[in-house]
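Just so we're clear, the structure is a prediction, and the values are computed from it rather than from any experiment.
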Amino acid sequence: MSATDLGPYLNPDDIRGSYNEPAYFAHIDLHFARLMEHLSQARDPGVSVAAALVSRYTRQGHICIDLASHAGRAVEDEATGRRIECPPLNEWREALASSPVVGSPGEYRPLILDSASRLYLWRYWNHESLLAEKLLALGRQSVPLDIGAIRSRLGLHFSGNDTGEIDWQKVAVLMGLKGALCIITGGPGTGKTTVVSHILAMLAHLDPRIRVALTAPTGKAAQRLDESLGRTIRSLQEAGVPLTMPALRASTIHRLLGVIPGRARVRHSADNPLPHDVVVVDEASMTSLSLMSRLVQALKPGARLILVGDRNQLSSVEPGHVLGDICDIGSGPCYSRETCGLIREAAGYELAGGSPEGVQDCLVELKHTHRFGPESGIRQISEAVRAGDTDLCVRMILQGEFPDVCMQEIPSPQLLPGCLEQAALQGYGPCLRAAGVGERFDLFAGFRVLCALREGPFGVGAINRLIEKILAEKGLIRSESLHYHGRPVLVTSNDYTVRLFNGDIGFILQDELDGELRAFFPGPDGTVRRISLVRLPEHETAFAMTVHKSQGSEFSRVVLLLPPKDSPVLTRELVYTGITRASRRLDIWAGPEIFATAVHRRTERMSGLKDLLKGRAG
């Protein structure tokens, strides 16, 4: 099972199957396997294939590989027809343990093997262990509270909300006040950002000099956090709640940490911590393991961390499923007797105390949505998808129970133009005819085509070109060149020099001042920024977006386009994320079988974070 035993795979020119389908191992996997064998100074029967596997799985978003799930089995490559046998588990572990490139947790070796037979690249083992250690330490830190004062402020913030049932938003506010760690999860419209507003307002009341950092993984998510918090704070002030809030402006996590492009180090770390007393991370489900680990290490002693997100959404495109691992608490929340006592005294709710594992004592899941009414089809379909009830999902849609949700099948690419024409003209026509830049931005948020794939006839690139052709034929745009008046663009990389970040959306428009084409982006407080096209960061046309890129956004109407053939990227989390981007109308363009297959398939990312947080270290 040495590198040479990988056979024809070692020829970099022969690792692709027929029809240019990717083989099981990519070039980088094989080069890494050869490097590990070379450093081992011996042809080991287990090291090479283990190294190739851990490289492959990390590329796919996993933090580690579970040797037990591969031991004694063959790796089948459908693209090339090749077969690679993995050793039995005990034999494999012994081979790895005797190799100089494999270490145990705490050692500094290229590969780390823990007692649960999880094999890591050292970098990801280190990120995972440091993150777990810091989260557990934060979860143990409590803050002395004046219960009477807290009860009084809760009454001001939630006046008129007493229905006799447990208000989990109140509970979440108490979680944000009682300790250094607070985790708030819930679906769209459940009030996550509202809870954060209450927490920050109450903390600012206790300490007017408090320093708060608002952050999110992407520029778009940071912008939405700004807007949402601003609306909630204004509504509290209009309701007569006395507030003394510091000036708040959200940024990306990269910018907060001072990530320097092209360099591994960041400006803020454990050696140079952030100056903030409270750090709020919105859309935490999109945050990768490495970025979250760096962020928690950069917190100053005594700082609070508030993680906010929907654990059922898609994970980061980089390795890790951090929020999902943190929130994986089984059947429901479990709080300590101390926490239950605080909730009883401050809010009057009786909860049964228990023995929480890990960070369960800092976690609240909000389930009551305020965005949709009980009759909303989008709400009921999203809940059925989240529960994995494929039969109910398909039956409710096909029976036409909801006026705001419909499904139609697009069995071939040839049928796409006819289906897209009406939707594109209705969705983008008003935006492209708008006179003012601000009006154009507002109207563009009313409709979006979301794709599951990037490549192929049903991928985002092909759909964008098709929409451009439709709009050009109707005289709404002139798309003879790459840049044209009316082209919506999505920024795909961070550029700190022009302050544009991954996820920002703007338009290419003729500048009224000189007639030149420039990029226009929303600025703070309703302003508009003009950017020269030569300074525009990496970007792509944004009539259609991938579901991944749409996270953190909301559109009045969404067309969710799934391909007619199954793909590993079609998962329950992808469908749920796509559905919950819509607020008023949802069109699902997919066959019932493909839709059901996607809902049935859950995203599984291997990691040891959940076990570490529950004290079951490998």
Side-chain angles (χ1 to χ4, degrees), residues 1 3 6 9-10 12 15-16 22-40 44 46-71 73 75-77 79 84 86 92-93 96 99 101-105 107-114 116-132 217 259 264 285-295 314-326 454 548 568-569 571 573 602-612 618:
M1 194 57 61
L6 293 177
Y9 273 109
L10 287 181
I15 64 170
R16 289 194 173 274
Y24 193 83
F25 291 120
H27 287 274
I28 192 171
D29 307 330
L30 305 180
H31 286 302
F32 183 67
R34 281 201 293 261
L35 175 63
M36 292 300 98
E37 183 179 78
H38 174 73
L39 294 177
S40 294
D44 199 292
V47 173
S48 299
V49 69
L53 283 170
V54 77
S55 174
R56 177 184 186 271
Y57 272 74
T58 301
R59 285 190 298 104
Q60 295 178 333
H62 301 276
I63 300 303
C64 58
I65 64 167
D66 177 18
L67 294 181
S69 65
H70 292 83
R73 300 178 182 177
V75 171
E76 300 280 357
D77 186 349
I84 302 170
C86 297
W92 207 355
R93 284 188 57 90
L96 291 169
S99 170
V101 300
V102 182
S104 300
E107 295 184 307
Y108 186 57
R109 304 283 179 86
L111 298 170
I112 299 297
L113 177 64
D114 70 12
S117 296
R118 289 185 288 249
L119 184 68
Y120 296 78
L121 296 174
W122 180 86
R123 171 189 174 192
Y124 289 108
W125 170 83
N126 189 52
H127 281 315
E128 184 179 88
S129 59
L130 289 174
L131 175 60
V259 174
S285 64
M286 300 165 59
T287 308
S288 67
L289 172 73
S290 58
L291 193 57
M292 188 69 81
S293 180
R294 286 181 172 188
L295 178 64
L314 282 166
S315 304
S316 165
V317 294
E318 297 178 45
H321 183 44
V322 176
L323 189 65
D325 286 339
I326 292 173
R454 290 202 61 83
H548 263 287
V569 305
T571 63
E573 290 78 10
R602 295 211 62 179
T603 299
E604 297 289 345
R605 286 193 170 182
M606 298 179 195
S607 85
L609 180 60
K610 182 171 61 176
D611 284 351
L612 288 173

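Taking each heavy atom of Met36 and Ala51 in turn, the nearest pair found is CG-CB, 3.7 Å. Closest approach of Cys64 and Met606 over heavy atoms only: O-CB, 3.4 Å. For the residue pair Ala33 and Ser48, the shortest heavy atom distance occurs at CB-O, 3.4 Å. A pairwise comparison of heavy atoms in Glu318 and Ser290 identifies OE1-OG, 4.1 Å as the closest pair. The two residues Ser55 and Asp29 make their nearest non-hydrogen contact at OG-OD1, 2.6 Å.
Rounded to the nearest 0.5 angstrom, Ile63 CD1 and Leu119 CG are separated by 13.0 Å. In this structure, OH in Tyr120 is found 10.0 Å from CG in Leu113, a value given to the nearest 0.5 Å. Rounded to the nearest 0.5 angstrom, Arg109 CZ and Trp125 CH2 are separated by 12.5 Å. Considering CG of Leu323 and CE of Met286, their distance stands at 12.0 Å, rounded to 0.5 Å. Going from atom CE of Met292 over to atom CG of Leu131 covers 7.0 Å, rounded to the nearest 0.5 Å. Note that the SG atom of Cys86 and the CG atom of Leu53 stand 5.5 Å from one another [nearest 0.5 Å].
Looking only at side-chain heavy atoms (C-beta outward), Ser607 and His321 stay at 4.5 Å or farther from each other. Annotation: side chain of Asp611 is in contact with side chain of Arg118 (closest heavy-atom distance under 4.5 Å). A heavy-atom distance below 4.5 Å is found between the side chains of Leu121 and Phe32. In this structure, Val317 and His548 have side chains that are in contact, with non-hydrogen atoms separated by less than 4.5 Å. A 4.5 Å side-chain heavy-atom check between Leu96 and Val102 finds at least one atom pair inside the cut-off. Residues Arg59 and Arg56 meet the side-chain proximity criterion, which asks for heavy atoms closer than 4.5 Å.
The main-chain N or O of Tyr108 is never found under 3.5 Å from a side-chain atom of Trp122 such that the two would form a donor-acceptor pair. Between the side chain of Ser293 and the backbone N or O of Leu289 there is no donor-acceptor pair closer than 3.5 Å. Remark: the backbone N or O of Thr603 is paired with a side-chain donor or acceptor of Glu573 at under 3.5 angstrom.
Every residue two or more places apart in sequence or in another chain was checked for a salt bridge (charged side-chain N to carboxylate O under 4.0 Å, His left out) with Arg123, and none qualifies. Judged as a salt bridge (charged side-chain N to carboxylate O under 4.0 Å, His left out), and not counting sequence neighbours, Arg73 has no contacts.
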